[in-house]
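Within every chain, numbering begins at 1; the chains are lettered A, B, ... in the order of the sequence lines, protein sequences first and strands thereafter. Hydrogens, waters and symmetry mates are skipped; everything else that's a heavy atom, side chains included, is used.
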2 protein chains.
Amino acid sequence: MREPRPTIHDVASRAGVSKSLVSLAMRGSPKVSDASREAIRQAAADLGYRPNAAARSLADRHSRTIGVLVLDLHNPVFADILDGIQSEVRAQGYSTMLVTGAADPDREQAELDKLLEFQVEGLILVSHRLSPASLRRFAAEVPTVVVTRDDIHGPRIDTISNDDVAGGTLATQHLIALGHRRIAHLAGGDNPVARHREQGYREAMAEAGLADNASVITGGLTDVAGYAAARQALAEPHPPTAMFVANDIAALGAIAAVQESGRAVPGDVSVVGYDGIALGALRTLNLTTVAQPLERMGRLAAQRLFARIVLPRQRAHHVLVESTLVVRGSTAPPRSAG
Amino acid sequence: MREPRPTIHDVASRAGVSKSLVSLAMRGSPKVSDASREAIRQAAADLGYRPNAAARSLADRHSRTIGVLVLDLHNPVFADILDGIQSEVRAQGYSTMLVTGAADPDREQAELDKLLEFQVEGLILVSHRLSPASLRRFAAEVPTVVVTRDDIHGPRIDTISNDDVAGGTLATQHLIALGHRRIAHLAGGDNPVARHREQGYREAMAEAGLADNASVITGGLTDVAGYAAARQALAEPHPPTAMFVANDIAALGAIAAVQESGRAVPGDVSVVGYDGIALGALRTLNLTTVAQPLERMGRLAAQRLFARIVLPRQRAHHVLVESTLVVRGSTAPPRSAG
DNA sequence: CACGATTATTGGAACGTTCCAATGGAAGGC
DNA sequence: GCCTTCCATTGGAACGTTCCAATAATCGTG
């Protein structure tokens, strides 16, 4: 276990050839004779030889690795996006290094610094919380694709996102169409995605002549935050008959709060989420939501990244994917209207 | 962007010192004079210098990286365990490389091979699906800790796990104590963790004289599998009044199936899960479960790993953590008994 | 059957770091 | 003012690969 790992030299001398030939053989070059190839294969197997990725990366200046930063592994949204990224990255023969910033910009920065020290050839940032300045600094060093956000534009920063304003409008219009008037928005906190969804809500309310009814409660993007925000909304003198919540996970928290207050979903309060996590489809939860094509977004991100790795100076692409309203059982007409 | 990265030589010549001194300064050695240190710091900042981790790892034969394999990022269980691992690993000044095997042994093998090529100094396997033989091969090459499983023993393989047999018994006894007799087990498929939980169920049933009532439905560890298994259980001539499901995520699927069949939880059917995911505490779900101390298991795993990195030849430790029954709202006495 | 063309193989330089033994200079002691 | 001690600093050799230009071996071909 503590013995030094066998190197290419060890394999070479055991197989009776030069290290260069071993190097060729290990990478499957056709110029190696069958006899040598077999001898080398055998020697490598006997010794348990593994190429040293650090040495390889140093010598040929390619790490064949891309770095992925995700906001928070607890939200299943990111697992779905990651699936898409991974399948594409693996198809290219690359590896991914995955890190999380836990929604802390300083930690994100530190984790990305580490990825760059590992010489990743590209970066995919899923819901990062970096400042525009540091995002641009990273993007200047290495091809970078941002998923989920499209607020920071830079000359070489590609983005994959849905239109959160439109999505927020979609959710709100659905509630309005059902006959709701007192519709609260449980906002997702201080980040552009949440702000856009809120903006969509406000626009839909204004357009329906309900600007005065608009009520935005400060929340967050976790179940706990959604729970707290919903409790607050329900404690008001004229509690809402419907809530548009900033994301699905927070919506689950909100539903819990509604039910705990003795009200029924959707009988007394309708709830709409955002994201389209698989869990929301469970009959128990049955959450109406604005669904993003998460896995596809991951795949698109990886595809853009590889395109930019090949042609680094091309202009920025901003890919917009379509989100759709998925009506399930957590929304219904308000009691008074039903 | 495509310009070659500045190296330690570039920093050295700009600061007017030797590369060796830059190397020392970058690592914060006390033998560097204040003047040199400042000049080097300045030069490095000007150039945007980043040490090359590959070169460093090659030269000093330490990657300061540990590899983590998790079964499936979609299950929040793993996010919790990862939190524990990450906090400990970061505290040691190490990085983690995270990979997933998607429950496919071949892919797990391939991902671990890659981790070893990157010269990780240790491996943490969370719910792996490797064969005993390949697990032992990896453990022979690098310090290895297995979390969640304790079925494969090797001379130098540490494990962190709960007692799944005892946990299964705990869950089943809870249902028996409530007065249930027709208790089904929705099993978790062909893996040791699930088999142990099933064994616990069987033992509890036998001990209560209910061996003849034992009914095990083949399921899996995902929501979809739990849903399907529950439907099957409910379709039997004498459907169960209670279900012990192999894990929480599958339990959520099972609850969905119960409710969809027009039955209430826990009114008509009680449901117990396993794991203790945060989501289960939401009032909507309110899942009775056998809770493992997930984050602590992650921390313990990392601690064991570092202990073994320091002293590689010590005998294997098998850390057993205590799981506890958390009674919430998804279980109640059977209708006939209430 | 010698000759160029091809094919398989090789040694050395490079990649960017760290380590180590060696150097130069300043300071301290007598 | 010379010798020792100490300190900051240095150049060269590693680390394990890949790349490249050069060599050795094999092969038709006229």
Side-chain angles (χ1 to χ4, degrees), chain A residues 2-41 43-44 47-65 93 114 116-121 141, chain B residues 2-41 43-44 47-65 93 114 116-121 141:
Chain A
R2 291 295 78 180
E3 300 80 46
R5 294 260 175 87
T7 74
I8 201 170
H9 287 101
D10 302 323
V11 177
S13 64
R14 180 173 242 265
V17 298
S18 74
K19 63 175 182 18
S20 306
L21 196 61
V22 176
S23 171
L24 254 8
M26 292 304 297
R27 285 171 295 156
S29 158
K31 8 182 60 174
V32 180
S33 73
D34 290 349
S36 305
R37 182 186 313 287
E38 174 54 21
I40 289 166
R41 198 201 52 69
L47 295 172
Y49 168 72
R50 276 179 206 290
N52 181 325
R56 172 175 287 181
S57 147
L58 192 58
D60 81 348
R61 353 205 20 169
H62 277 300
S63 64
R64 282 172 210 79
T65 299
K114 235 177 235 160
L116 288 199
E117 292 185 10
F118 276 102
Q119 312 299 113
V120 295
E121 296 182 31
E141 284 193 58
Chain B
R2 292 295 78 179
E3 299 81 44
R5 295 259 175 88
T7 74
I8 201 170
H9 287 100
D10 302 323
V11 178
S13 65
R14 179 173 244 264
V17 298
S18 74
K19 62 171 181 23
S20 305
L21 197 60
V22 176
S23 172
L24 253 8
M26 293 305 295
R27 287 172 294 155
S29 158
K31 7 182 58 175
V32 180
S33 73
D34 290 348
S36 305
R37 180 185 314 286
E38 173 53 22
I40 290 167
R41 198 201 52 69
L47 296 171
Y49 168 72
R50 272 179 210 290
N52 181 324
R56 171 175 289 179
S57 146
L58 192 59
D60 80 348
R61 352 202 27 163
H62 277 301
S63 64
R64 283 171 209 81
T65 298
K114 233 176 237 163
L116 287 200
E117 292 185 8
F118 276 102
Q119 312 297 114
V120 294
E121 296 182 32
E141 284 194 59

Chemist: Indicate yes or no: at least one non-hydrogen side-chain atom of B:Asn52 is less than 4.5 angstrom from one of B:Arg5.
Modeler: no

Chemist: Whole-Å distance between D:dT17 C1' and B:Arg61 CZ?
Modeler: 13 Å

Chemist: Does some side-chain heavy atom of A:Thr7 sit less than 4.5 Å from a side-chain heavy atom of A:Val11?
Modeler: no

Chemist: Counting the atoms with a prime plus P, OP1 and OP2 as sugar-phosphate, which does A:Ser36 contact under 4.0 Å by heavy atoms, base, sugar-phosphate, or nothing?
Modeler: sugar-phosphate

Chemist: Between A:Leu58 and A:Arg37, who's closer to the 5' end of DNA chain C by nearest nucleotide?
Modeler: A:Arg37

Chemist: Name the stems with DNA chain D in them: runs of three or more consecutive Watson-Crick or G-U pairs, distances under 3.5 Å?
Modeler: C:1-30 with D:1-30

Chemist: Send over the distance from B:Gln119 CD to D:dT17 C1', rounded to a whole Å.
Modeler: 11 Å

Chemist: Can a donor-acceptor pair be found, under 3.5 Å and without considering hydrogens, that links the side chain of B:Ser20 to the backbone of B:Ser18?
Modeler: no

Chemist: Does anything in residues 7-20 of chain A come within less than 4.0 Å of DNA chain C? Heavy atoms only, and list the residues if so.
Modeler: A:Val17, A:Ser18, A:Lys19, A:Ser20

Chemist: Without decimals, in angstroms, what is the distance between A:Asp60 CG and D:dG16 P?
Modeler: 17 Å

Chemist: How many whole angstroms separate atom CD of A:Glu117 from atom C1' of C:dT18?
Modeler: 15 Å

Chemist: Give a yes or no on whether a salt bridge exists between A:Lys114 and A:Glu117, defined as a side-chain N under 4.0 angstrom from a carboxylate O.
Modeler: no

Chemist: Taking only the side-chain nitrogens and oxygens of A:Arg5, find out if one of them lies under 4.0 Å from OP1 or OP2 of D:dG16.
Modeler: no

Chemist: Between D:dC6 atom P and B:Lys31 atom NZ, what is the distance in whole Å?
Modeler: 13 Å

Chemist: When rounded to the nearest 0.5 angstrom, what distance separates CZ in A:Arg56 from CG in B:Leu58?
Modeler: 13.0 Å

Chemist: Any side-chain to backbone donor/acceptor pair from A:Arg27 onto A:Ser23? Under 3.5 Å, distance only.
Modeler: yes

Chemist: Under 4.5 Å between any side-chain heavy atoms of B:Ile8 and B:Pro51, yes or no?
Modeler: no

Chemist: Is the closest side-chain heavy-atom distance between A:Gln119 and A:His62 below 4.5 Å?
Modeler: no

Chemist: A:Ser33 side chain N/O closer than 4.0 Å to the phosphate oxygens (OP1, OP2) of C:dT9?
Modeler: yes

Chemist: Within the 3.5 Å criterion, strictly below it, is a donor on B:Arg37 or B:Ser33 matched to an acceptor on the partner's side chain?
Modeler: no

Chemist: Indicate, with a heavy-atom threshold strictly under 4.0 Å, whether A:Arg50 touches base, sugar-phosphate, or nothing.
Modeler: sugar-phosphate

Chemist: Could you report the tightest heavy-atom contact between B:Phe118 and B:Ser63, atom names first, then the distance?
Modeler: O-CB, 4.1 Å

Chemist: For the side chain of B:Arg56, starting at C-beta, report the closest nucleotide among D:dT9, D:dG16, C:dT18.
Modeler: C:dT18

Chemist: When the distance from CG of B:Leu24 to C1' of C:dT17 is rounded to whole Å, what number comes out?
Modeler: 13 Å

Chemist: Take atom CZ of A:Arg64 and atom C1' of D:dT17, then tell me their distance rounded to the nearest Å.
Modeler: 11 Å

Chemist: Please pick, from C:dC19, D:dT17, C:dG16, the nucleotide with the shortest atom-to-atom distance to any side-chain atom of A:Asn52.
Modeler: D:dT17

Chemist: Roughly how many Å is it from CG in B:Leu21 to C1' in C:dC19, rounded to a whole number?
Modeler: 14 Å

